[in-house]
Amino acid sequence: MNKKFASRREFLGAGLGAAVLSGAAVSAALASSPQRATAPVGEGPFYPINGQTERDYDMTRVEGAAGRAKGDIILVQGRVLDDTGKPVSGALVDVWQANAAGRYDHEKDPSTAPIDPNFQSWAQVRADSEGAYSFLTIKPGAYPAEEKWVRPPHIHFKVSKRGYHEITTQMFFEGEPLNDIDNLYLAVAIADRAGITAKATRGTAKDGEAALLFGFDVVLKKA
Ligand SMILES: [Fe+2]
């Protein structure tokens with residue numbers, strides 16, 4: 001078997017068939033299966049510029065503000081991997097998004113929807129030694145981009161690490177009807193859409209607060 005191009009299923013089969021393989025060896029084999037690089041999606045006009053200093057893991061609270069961000073609290077978690085499936089430890093995961101009303105905290109946003117003073121709107125977190133990252137946020141609202149074009153809920157991602165090509169993309173939510181008529185989503189090759197579409201898992205977040213977890217792995221190409 002050509003290890004480099006073996007599928008995850010083949011590795012599982014090999015692992016189950018060969019009793020001599022330890023759990024650790026199977027994990028190592030799974031961890032090095034080839035990955036399809038995450039497709040880029042445009043940065044858009046609302047990258048944060050407001051000089052916020054608060055960019056921590058919890059976007060649902062703002063230091064000094066009394067309340068909690070409006071909207072459905074979600075936990076987004078995933079791994080940053082390279083295209084051989086190895087974790088990219090220490091990668092910077094830079095995310096920004098609209099609030100629950102579909103408004104960005106950005107002077108160029110023409111929306112008349114209110115800014116939510118309890119919503120952080122921007123976070124920068126680092127992938128750990130296993131490439132894992134997470135952040136707590138709220139599900140963003142849809143917003144009109146142009147006449148006859150409403151952007152579906154999405155979270156902007158910029159992921160970088162020295163030695164890899166930086167990727168700018170957007171995380172979409174599985175099952176949103178607006179995905180299927182979104183110009184940016186439709187511009188991504190069909191085979192790449194699953195890689196930018198997060199699936200929900202109902203469960204208990206690690207801090208016990210998010211009703212929905214969304215898994216979103218990012219695959220970087222080596223520079
Ligand atoms: Fe956007």
Side-chain angles (χ1 to χ4, degrees), residues 37-52 54-60 62 69-78 80 91-125 133-160 166-189 192-200 210 212 214-220:
T38 302
V41 182
E43 179 173 314
F46 305 130
Y47 185 82
I49 52 165
N50 284 349
Q52 284 172 259
E54 199 181 339
R55 282 166 263 171
D56 61 65
Y57 154 93
D58 186 355
M59 297 167 75
T60 71
V62 171
K70 288 195 178 87
D72 295 329
I73 295 176
I74 62 172
L75 183 78
V76 179
Q77 58 186 9
V80 183
L92 178 66
V93 180
D94 185 356
V95 295
W96 69 102
Q97 64 170 83
N99 67 23
R103 170 79 190 262
Y104 285 88
D105 184 8
H106 193 289
E107 64 192 27
K108 285 190 186 152
D109 188 349
S111 170
T112 53
I115 285 175
D116 181 348
N118 296 307
F119 181 51
Q120 190 176 286
S121 81
W122 185 19
Q124 291 181 325
V125 294
Y133 76 89
S134 63
F135 57 93
L136 191 68
T137 186
I138 50 92
K139 188 172 177 187
Y143 61 87
E146 288 170 12
E147 207 183 339
K148 296 183 182 169
W149 179 17
V150 177
R151 294 293 333 274
H154 60 276
I155 299 177
H156 292 264
F157 274 69
K158 193 181 287 205
V159 181
S160 58
E166 179 179 282
I167 177 82
T168 299
T169 192
Q170 299 179 18
M171 181 191 109
F172 294 80
F173 293 80
E174 188 180 53
E176 288 292 330
L178 287 170
N179 289 347
D180 302 327
I181 49 171
D182 181 61
N183 294 348
L184 297 184
Y185 192 73
L186 295 176
V188 172
D192 287 327
R193 287 181 200 161
I196 54 163
T197 310
K199 289 185 172 64
L212 284 177
F214 285 89
F216 191 68
D217 290 345
V218 177
V219 180
L220 300 180

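In listed order, ligands and their atoms are each counted from 1. The figures here come from the full heavy-atom set of this structure, side chains too, leaving out hydrogens, waters and symmetry mates.
Between Val93 and the choices Val218, Val125, Val76, the side chain to side chain contact (heavy atoms under 4.5 Å, CB included) rule is met once, by Val125.
Enclosure of atom NZ in Lys70 is not indicated, since only 12 or fewer non-hydrogen atoms of other residues, nucleotides or ligands lie within 6.0 angstrom.
Ring-plane geometry between His156 and His154 is classed as perpendicular, the angle between the planes exceeding 60 degrees on a 0 to 90 degree scale with a lower cut at 30.
By the criterion of a separation under 2.8 Å, the protein N/O/S atoms near the Fe ion (ligand 1) amount to Tyr104 OH, Tyr143 OH, His154 NE2, His156 NE2.
Not a single salt bridge (Lys or Arg N to Asp or Glu O under 4.0 Å) links Asp94 to another residue, sequence neighbours left out.
Scanning all heavy atoms of the two residues, the minimum distance from Leu220 to Val159 falls at CD2-O, 3.9 Å.
Geometrically, Arg103 does not engage Tyr143 in a cation-pi contact defined by less than 6.0 Å to the ring centre and at most 45° from the axis.
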